*Asks:* 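Sharing a structure with you now.
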Amino acid sequence: MNVLRSPSMWAWVVCAIAFTSAVALAVLVLLERDDLPVAIVDQLPFYVGGAVFVPFIGVPAAIILRRLPRHPIGWIIMVASGSIILDTAARWIVIEGWYLAPGSLPGVEVAAWFAEWTWYPAMIALLTFVPLLFPDGRPPSRRWRPVVIALIVWLVLATVGYALYPSEPVDFVDVPRAIRTDAALPLALLMVLTPLAIGTGWAAVLVRRRRARGDEREQLRWMLWAAAIAAVGWAVLFATGAAGVGWGDWSPVVAILLGWGPLALVLLAVTIAIVKYRLYDIDLVINRTLVYGALTITALAVYGAVVLAVGSVAPTPADWRVSVLVVLVVAIAAYPLREWLQRVVNRLMYGDRDDPARAMSRLARRVSDTAVAEDLLPAVTTGVGEALRVPYVAVVTAGSAHPIAAYGTRTTEPQEFELVHQGESIGILEVGRRSRGEPFSAADRRVLEDLARQVAGTVRAVQLAEDLQSSREQLVLAREEERRRLRRDIHDGIGSALAALALQAGNLRRSLPVGTDGAEERATRLESGIRDAVLDIRRIVDDLRPPALDDLGLAGAVRERADSLLPGRVTLDIRTRGSVLPAATEVAAYRITTEAMTNAARHSGASSVLVRILAADGALRIEVSDDGDGVDGVDDATSAGVGLRSMRERADELGGSCEVVARRGGGTTVRASLPIRLEREGRPG
């Protein structure tokens with residue numbers, strides 16, 4: 001019972017009945033061709049093609065619905081297969097009841113009317129809604145849902161107009177039209193929108209293609225490959241039809257291939273893509289299609305040119321031996337031509353695989369053109385991926401479980417190439433295969449091994465640069481922590497001791513008896529010297545670290561500085577509560593913020609300034625925006641430039657970043673990001 005309810009089983013049944021009816025119709029026309037009008041006999045390639053290609057329409061529906069029983073594309077294809085049953089039945093009734101045995105069957109005129117238009121909705125549904133809903137059965141986004149509804153309404157109305165309007169019959173010209181009304185003309189005119197409807201369906205494929213990733217990208221590549229070949233086939237068919245060449249003028253095989261082949265190819269590609277059978281083999285398929293397609297076209301063109309040349313020179317038509325000789329010449333010339341075409345197509349698809357020197361040179365140029373160290377490895381992976389046309393490249397260092405740089409989307413079971421520098425293994429280079437069933441060739445492996453050696457040197461250089469930057473950051477962090485400790489010790493230790501000595505010296509001076517001028521003078525000098533020493537100590541302490549940071553904290557220190565520089569013009573949004581900042585980060589944030597506010601006060605003429613400081617996700621983010629004129633064009637721009645450079649240097653010391661950008665509508669924005677890497681510790685009391 002469950003089998004009978006299976007959509008896949010119903011699709012197989014529909015396919016079998018459609019195939020049987022199509023074969024029966026083709027056999028009927030073939031056997032009775034002497035008793036049938038020429039117009040119907042000329043349609044024989046169409047009937048034979050329908051019989052041959054019915055499985056290419058029905059079988060995809062069964063395969064899709066077996067894997068995905070609710071997939072709309074599977075149901076659309078199955079309904080289109082069912083329409084073939086009705087169409088062939090109607091044509092059989094007309095041929096048998098009108099031409100072979102007139103009056104033997106009822107409803108002949110209705111059947112002829114039905115056969116004239118029933119192909120239209122089925123074909124338009126396949127050419128419009130299959131690409132529109134490909135590959136997941138849904139339109140590209142919710143904004144496309146009204147488009148889908150509009151297309152459905154249009155197809156229904158256009159089909160009604162086509163069926164009811166009294167147009168001239170095409171297949172059965174001498175059979176009266178059973179159902180007709182002139183009132184259907186407005187609906188019939190909707191058929192002029194058919195190219196637009198089909199174009200809308202394929203536009204959805206292109207929209208998906210722009211944002212597709214991973215499997216979906218490969219699915220769309222299958223669809224576009226089939227569409228390209230189908231477009232060529234149908235273009236030839238329509239062009240020859242416009243030139244007056246009909247079905248009967250073609251050889252049967254060519255007529256069948258041009259008429260039904262493109263549609264069968266599209267549905268085959270749709271099935272492969274939806275069920276993901278050998279999904280990643282599309283590169284190999286495209287490669288062979290390009291090579292042998294170009295070879296076939298070239299060979300036919302050469303053959304035709306030689307035959308025409310011989311015919312124009314020879315006084316009599318060439319016999320079969322000349323044709324055989326021409327075929328042999330073309331066949332011999334085809335081999336080197338195929339080799340050349342293969343190299344051209346390989347360059348298009350596989351990049352510089354066959355030219356290792358070019359691949360190495362391209363990678364070296366990309367590395368040398370990269371100025372920022374953190375962009376170096378992404379540039380390397382991108383360079384390897386683009387040079388060899390592979391879908392995925394990643395660098396994984398020793399001891400790391402995840403790539404530190406990657407290009408493309410990870411494929412299953414990528415090939416690994418060891419990165420060795422000066423005899424030491426420092427990681428692996430992961431390269432995704434171009435198709436799931438196609439391993440890298442020997443040429444691919446040789447080029448990738450050479451590239452891996454060059455990549456290893458780049459990885460080591462990046463690691464050394466990162467180690468150097470890390471050491472620099474640790475030195476800065478240690479320096480500022482030591483400065484904070486020294487300031488605290490000097491302020492609380494030596495400073496307090498000297499202040500106490502100054503107080504004792506003052507008490508001593510006041511306690512001396514009157515008349516001891518020499519002793520009082522020495523006591524006064526002692527007290528003055530001690531107080532000068534206290535002032536020197538305070539100056540040294542203030543130079544070590546802004547005192548406001550220890551007295552008020554970062555938020556209070558920035559607020560105090562804002563009130564002195566831009567009173568009433570600064571809006572503060574400081575959210576660092578719960579985050580104890582390292583001394584170096586705190587000092588750098590304070591210096592960058594105060595320098596940005598100083599520039600806004602002195603150089604830009606700003607009427608309002610917004611200061612945001614946020615500690616989150618292991619970083620302290622700073623943004624200072626003003627509505628002034630910026631620093632360009634003012635007299636003291638050089639001084640401001642020094643300040644901007646100082647801000648960048650303070651951020652670079654900690655491995656952070658700082659940028660100054662112009663605001664839209666006027667003004668300047670300073671943005672900085674400082675990493676918080678030191679272990680959190682309590683603020684000194």
Side-chain angles (χ1 to χ4, degrees), residues 473-496 499 534 537-601 608-626 643 646-647 649-658 669-685:
E473 294 168 15
Q474 292 300 323
L475 285 175
V476 173
L477 291 171
R479 181 192 69 194
E480 293 301 331
E481 291 294 336
E482 187 64 15
R483 283 184 172 184
R484 181 157 69 178
R485 187 188 65 80
L486 285 173
R487 184 182 187 280
R488 181 176 65 242
D489 292 345
I490 293 174
H491 180 274
D492 297 344
I494 299 175
S496 298
V534 170
I537 290 295
R538 288 179 178 174
R539 178 180 55 79
I540 294 173
V541 167
D542 292 346
D543 288 342
L544 286 173
R545 175 178 166 85
L549 288 176
D550 288 332
D551 297 338
L552 304 174
L554 178 59
V558 171
R559 185 174 291 105
E560 180 186 58
R561 188 62 175 160
D563 291 340
S564 64
L565 288 172
L566 299 157
R569 289 183 286 170
V570 179
T571 301
L572 297 176
D573 181 13
I574 302 177
R575 286 174 281 177
T576 59
R577 183 172 299 177
S579 299
V580 180
L581 304 177
T585 304
E586 199 173 42
V587 171
Y590 177 75
R591 297 295 190 194
I592 291 172
T593 305
T594 56
E595 184 64 38
M597 290 191 298
T598 300
N599 287 336
S608 64
V609 178
L610 174 62
V611 177
R612 288 193 180 96
I613 302 177
L614 171 65
D617 301 327
L620 186 67
R621 294 178 175 82
I622 303 164
E623 181 176 311
V624 181
S625 302
D626 66 68
S646 173
M647 289 190 290
E649 290 174 352
R650 290 185 181 277
D652 291 341
E653 282 184 339
L654 296 174
S657 62
C658 181
T669 297
V670 177
R671 295 190 185 93
S673 178
L674 307 175
I676 305 175
R677 294 175 179 166
L678 195 66
E679 290 185 1
R680 295 182 177 180
E681 58 186 31
R683 184 179 301 280

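Counting begins at 1 with the first residue of the sequence. Keep in mind that what you see is a predicted model, and the values were worked out from it rather than measured.
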*Asks:* What's the spacing between Asp626 CG and Thr669 OG1 if we round to 0.5 Å?
*Replies:*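 With rounding to 0.5 Å, CG (Asp626) is 7.0 Å from OG1 (Thr669).
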*Asks:* Identify, with sequence neighbours excluded, every residue that meets side-chain contact (heavy atoms from CB on, under 4.5 Å) alongside Ala596.
*Replies:*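 Checked Ala596 against side-chain contact (heavy atoms from CB on, under 4.5 Å); matches are Val624, Met647, Val670.
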*Asks:* Could you pull out the closest heavy-atom pair between Ala615 and Ile676, with the gap in Å?
*Replies:*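 The answer is CB-CD1, 4.4 Å.
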*Asks:* How far apart are the closest heavy atoms of Leu674 and Ala589, and which atoms are they?
*Replies:*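 Scanning both residues completely, I find the closest heavy atoms to be CD1-N, 3.7 Å.
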*Asks:* Looking at every heavy atom in both Ala600 and Val609, which two are closest together, and how far apart are they?
*Replies:*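 Smallest heavy-atom distance, with atoms named: CB-CG2, 4.0 Å.
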*Asks:* Show every salt bridge (charged side-chain N to carboxylate O under 4.0 Å, His left out) that has at least one partner inside residues 614-625, sequence neighbours left out.
*Replies:*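 Salt bridge (charged side-chain N to carboxylate O under 4.0 Å, His left out) check on residues 614-625 returns Arg612-Glu623, Glu623-Arg671.
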*Asks:* May I have all residue pairs that pass side chain to side chain donor-acceptor pair (under 3.5 Å) and include part of residues 561-573, sequence neighbours excluded?
*Replies:*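 Listed once each, the pairs are Asp573-Arg575.
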*Asks:* Under the rule for side-chain contact (heavy atoms from CB on, under 4.5 Å), what residues qualify as partners of Ala557, not counting sequence neighbours?
*Replies:*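 side-chain contact (heavy atoms from CB on, under 4.5 Å) list for Ala557, sorted by chain: Ala548, Leu549, Tyr590.
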*Asks:* Walk me through whether Leu620 and Leu554 qualify under side-chain contact (heavy atoms from CB on, under 4.5 Å).
*Replies:* CA-CA 12 Å; Leu620 186 67; Leu554 178 59; 4.3 Å; yes
*Asks:* To the nearest 0.5 angstrom, please state how far the CG atom of Leu654 sits from the CD atom of Glu649.
*Replies:*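 These two atoms lie 12.5 Å from each other.
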*Asks:* Residues in side chain to side chain donor-acceptor pair (under 3.5 Å) with Ser657, at least two apart?
*Replies:*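 If we apply the side chain to side chain donor-acceptor pair (under 3.5 Å) test to Ser657, skipping adjacent residues, there are no hits.
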*Asks:* Can you find a pair of side-chain heavy atoms, one from Met597 and one from Val558, that are under 4.5 Å apart?
*Replies:*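 Side-chain contact under 4.5 Å: yes.
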*Asks:* Do Val570 and Val611 come within less than 4.5 Å of each other through their side chains, counting heavy atoms only?
*Replies:*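 The answer is yes, as the side chains (C-beta and beyond) meet within the 4.5 Å cut-off.
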